[in-house]
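Reminder, nothing fancy here: chain letters follow the sequence lines and each chain counts from 1.
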Amino acid sequence: MSRWLKLYAVLIFTFLHLPLLALAVFSFNSSRFTLWEGFSLAWYKALFSDPQLSEAALNSLLVAVAATSLAVSAGTLCAYGLWKRRSGLVEGGLYLSLATPEIVMGISLLAFYQGLFRFLDVRLGMHTVILAHVTFSIAYVVFVVMARLRTLDPALEEAAMDLGATELEAFWRVTVPSLTPGVAAAALLVFTLSFDDYVITSLVAGVDSETLPMVIYAMARRGTNPVVNAVSTLVVVLLGAFILAAERLRRA
Amino acid sequence: MTRRTFLLSTPALAAACARDRRPRLNVFNWSNYVAPGTIPGFEREFGVRVRYAVYESNEEMLAKLLAGNSGWDVVFPTNSMIRPMLENGLLAELNHAGLPNLRHLDSEFRAPGWDPNLTWCVPYMWGATGILYNRSLAPPPRGWADLWNAGLRGRITMLDDQAEVLGACLKKLGWSLNATDPSQIEQAKREALTLKPLLRAYLNAEVRDQVVAGDVLAAQLWATTALQAMAASPSLDFVYPDEGFPLYADNAVILRESQRGELAHAFLNYLLRPEVAAEVVRATHTATANASARALLPDPVRSHPVLFPPPDVLSRGEWFQSMPVAAQRLRDRVWTEIKAA
Amino acid sequence: MTRLRTLFLAPASTLLVVLVLCPTIVVCLYSLLTRGAYGGLGPPWTAESYLRLFDPLYLKLLARSLWLAVVSTGLCLLLGFPLALFISRAGRRKQVFLLLVILPFWTSLLVRIYAWMFLLRDTGLINTLLMSLGLTSEPLPLLYNDGAVILGLVYGHLPFTVLPIYAALERLDRSVIEASADLGARPLSTLWRVILPMSMPGIQAGGLLVFIPCLGAYLIPDLMGGGKSIMIGNLIQNQFTTARDWPFGAAVSLLLMALVLPLALLMLRGKPGRLA
């Protein structure tokens, strides 16, 4: 049976990776059609000289960095608080944000923002996108950090406090250093989620806050455009590297 | 991304954020509706930066604008959208003193039915909807009814536009595009539902590439998009359906929420310049509402039968009109039902 | 102690209240209002949107979404189990294989869908290959139908079954399996009667982890179904954008939540906090 299993595994891994590999290979195709006509970096050059793409990529980066910082800070603190004593209400809220389908979260945030606009003179923009990203990613941070916390010995903090440290000091000097790999892993995770998000972002983005997935989506809808192949390959390589790093850190 | 790395990179990010200091204008337009040089030309001459984004359908545009805080300055709604936008308080009144180039407009568009005094909009481009088809189809389609052909299953598309799809069905049944009678609308819905299984998809300008590639054999499409496709492939042709077809005009408007009224007026005036409008026609294969621009065009373009159809063809056309509230509601609901089926 | 803890919980709790709870309340309120003439909202308060849900048209859409989600989940489980089995027997290279499974999943979903479109469309790679090999004379309609949507859903969610099943297999008591072999059962028989039942919790977890996102899927049916194979997620998006019927869209969202939440609770009942 193990022979069949091996064969099966090969097939499934091919299935999982073939589309992306095909995309990557054809991003170097000199022709815009699916007949291989020669190696070329033309699409990558077009990619880097497209102002809309560059701006969208910058926006995606800014949003991801901001969302990551906010989500990681709030989430780590929250995980620590929950580690000390569980709270059904907070955990319930976190589960709710995880279980909510993306489209529902997107439209509820949009509805909420539109409702707010009647009272405050605010527009959809980078801030609305960043807040939305923090909302859907904070649960991931909490659970990843909590998993890490569970491997720690609470006695260490108690020992520190017995030796005269305040709660805050004990937290900062004893627990946080051991949490660093978990926090870093969570940060990379949030970055990836945020950078890649389309559904929620497309609903709450404003005039100035077009992100890379939004541009990719528009290009994908419009039909064959080899620049999308190039962009996609780059995005995959970037996010793949991040995820590898996250996995390394998580196991550290 | 450790905390230290983030802190160290903040100055770099801040520097990247300190972008352009030039005045800004946000323009939201249909895709492929300006020439490559139109926007850069305006930016250079007026020393501004234009954020230019595109949409594919009126509904998409309206949905973004309805909340009233969208951030756009200039938009290009179709004539049937002018009254709804007006009633929702979205439009800013135009100051004709800032639009001296209005005199270049074709006489027909100087006092159009949807805005007799041009208080709210400036007609930009006009067009009609018909059928773009591959010459390999025999016999070639002559009217909307020819789309309801089982032999074309999977190779036809219709526009992702409620007014267009219902319009085509109503015309096929021999009624007006702008029917408000619920029984007529319901019947049109039934027609659309019989056609839906034969459709590949509801697509707007996106279908152009697929028709050129030969994947799609017949598409309900705007004349301008069709012409763009025909320029890319010699095996395509366009027909204005026998039963009648919609006429529409896209107009430039300034949104009330815009705080750059003066610059917006300058932009509209710029678009009205004959040479600018003529260049747009050459690049986009659209019919312009600008008479002086039309005069600038070379003869083959000026009298192209698809771009500027002759009077006997035009007489079969019917202008889209905005709907009374109850009829609009019914049509919106019917459209959801068609899409969800 | 409690003051510090409350302080620590504050940012996240505020976020949850403002950006999760309030929007949900807003959506509930919207579902009870009436649509304005061209969109927007206004009084009167009415339950009309909910009543519209019972229209056979939408019930059929719901049934179709459930069906697509069930089929996709079934396929994911069917395909995922043997793979999980393989990985659990892979010895030293387990981590590598797990990474190979996770890696494509965590890179952009949009890109992966586009990659499939690139392969499946009429002028895509598969059709080009088939035609150049002379196997077909016309391009096969591989995209823009239910099959493509199922393919997309399975492809997008396969790791969700592999990981829990793998975790369950890892926790199996080897001695039971050995005992089964000692008692003369053939490998296939052991698989069917011993391993499979004992890994049920993993299978259940995997099933729910796939079913819930599939039910609420939006991007995959949108891009791979060509706007014709629409599911609940698409209907919701449509109502909030082009159809401009916010009350109805809100009602459909709440319906989706009502379906998804009990399932999510079911899943979490088994493993509190065990998500990372």
Side-chain angles (χ1 to χ4, degrees), chain A residues 1-2 5 8-9 12-13 16-17 19-20 22-23 33-35 74-75 77-78 80-81 84-85 87 90 93 95-97 99-104 107-112 115 131 134-135 138 143-144 146-147 167-168 192 196 198-199 213 216-217 220 224 228 232 235-236 239-240 243 247, chain C residues 1 4-5 8-9 11-13 15-16 19-20 22-24 26-27 30 79 82-83 85-86 89 99-101 103-104 106-112 114-119 123-125 128 158 187-188 212 216 218-219 223 233 236-237 240 246 249 253 256-257 260-261 264 268 273 275-276:
Chain A
M1 178 167 73
S2 59
L5 262 186
Y8 177 78
I12 286 285
F13 279 124
L16 281 179
H17 293 258
L20 289 175
L23 206 64
F33 301 111
T34 40
L35 293 165
L77 293 177
C78 183
Y80 181 76
K84 290 281 165 174
R85 193 159 55 117
S87 160
V90 175
Y95 281 131
L96 182 66
S97 75
T100 312
E102 279 207 302
I103 184 73
V104 173
I107 60 104
S108 61
L109 279 171
L110 179 64
F112 178 63
L131 282 176
V134 176
T135 311
I138 197 168
F143 292 130
V144 168
M146 268 184 88
E167 279 184 79
L168 204 55
T192 313
D196 177 41
Y198 171 75
V199 179
I216 297 181
Y217 177 86
T224 34
V228 191
S232 312
V235 167
V236 165
L239 294 182
I243 281 302
E247 277 295 294
Chain C
M1 161 67 112
L4 187 69
R5 177 177 167 271
F8 274 29
L9 286 179
S13 315
L15 192 91
L16 287 175
L19 290 172
V20 176
C22 286
T24 314
V26 170
V27 170
Y30 276 24
L79 293 174
L83 190 63
L85 202 62
F86 169 77
R89 294 184 185 184
L99 214 58
L100 277 181
V101 170
L103 206 57
W106 278 117
T107 57
S108 173
L109 175 66
L110 191 54
V111 163
R112 290 182 306 138
Y114 176 72
W116 271 112
M117 291 172 76
F118 175 75
L119 287 178
T123 47
L125 194 58
T128 314
L158 191 58
L188 220 62
I212 295 175
Y218 162 68
L219 261 188
L223 285 174
I236 296 175
Q237 199 269 359
F240 270 89
W246 289 40
S253 306
L256 182 58
M257 286 295 282
V260 163
L261 278 180
L268 296 165
L275 248 110

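In this structure, the side chains of Leu223(C) and Tyr217(A) come closer than 4.5 Å at one or more pairs of heavy atoms. Residues Leu96(A) and Leu261(C) meet the side-chain proximity criterion, which asks for heavy atoms closer than 4.5 Å. Between His17(A) and Leu100(C) there is a side-chain heavy-atom pair separated by less than 4.5 Å. The shortest distance between side-chain heavy atoms of Phe13(A) and Val101(C) falls below 4.5 Å. Using a 4.5 Å heavy-atom cutoff, the side chains of Lys84(A) and Leu9(C) are not in contact. For the pair Pro101(A) and Met257(C), the minimum side-chain heavy-atom distance is below 4.5 Å. Residues Ile107(A) and Trp246(C) fail the side-chain proximity criterion, which asks for heavy atoms closer than 4.5 Å.
Contact annotation for Leu99(C): only side-chain heavy atoms (C-beta onward) come within less than 4.5 Å of a heavy atom of chain A. Using a 4.5 Å cut-off between heavy atoms, Thr192(A) touches chain C through its side chain atoms alone. When heavy atoms are compared at a cutoff of 4.5 Å, Val90(A) approaches chain C by way of both its backbone and its side chain. For Leu79(C), the parts sitting under 4.5 Å from any heavy atom of chain A are the backbone and the side chain alike. Only the side chain of Ile12(A) comes within contact range of chain C, with heavy atoms under 4.5 Å apart. Residue Leu83(C) touches chain A through both its backbone and its side chain, counting heavy-atom pairs closer than 4.5 Å. In this structure, the portions of Leu20(A) lying under 4.5 Å from any heavy atom of chain C include both its backbone and its side chain.
Contact between Tyr30(C) and Gly115(A) at its shortest, heavy atoms only, is OH-N, 3.9 Å. In terms of heavy atoms, Ala22(A) sits closest to Phe118(C) at O-CE2, 4.1 Å.
Remark: Met117(C) CE to Leu23(A) CG distance equals 11.5 Å, nearest 0.5 Å. Between atom SG of residue Cys78(A) and atom CG of residue Leu16(C) there is a gap of 7.0 Å, rounded to the nearest 0.5 Å. Rounded to the nearest 0.5 Å, atoms CG (Leu110(A)) and CZ (Phe240(C)) are 7.0 Å apart.
Between chain A and the options Cys22(C), Pro104(C), Gly216(C), Gly249(C), the largest number of non-hydrogen pairs under 4.5 Å is found for Pro104(C). Contact count against chain A (heavy-atom pairs under 4.5 Å) is highest for Pro82(C) among Pro11(C), Gly233(C), Ser13(C), Pro82(C). Heavy-atom pairs under 4.5 Å with chain A were tallied for Leu219(C), Ile212(C), Val20(C); the largest tally goes to Leu219(C). For the options Leu19(C), Val27(C), Val26(C), heavy-atom pairs under 4.5 Å to chain A are most numerous at Leu19(C). The candidate from Ala111(A), Ala9(A), Ala74(A), Gly75(A) with the greatest count of non-hydrogen atom pairs under 4.5 Å with chain C is Ala111(A).
Classified by interplanar angle (parallel below 30°, tilted 30° to 60°, perpendicular above 60°), the ring pair Tyr198(A)/Tyr218(C) is parallel.
Scored by the side-chain hydrogen bond (donor to acceptor under 3.5 Å, both in side chains) test, Ser108(C) finds Asp196(A) as partners (sequence neighbours excluded).
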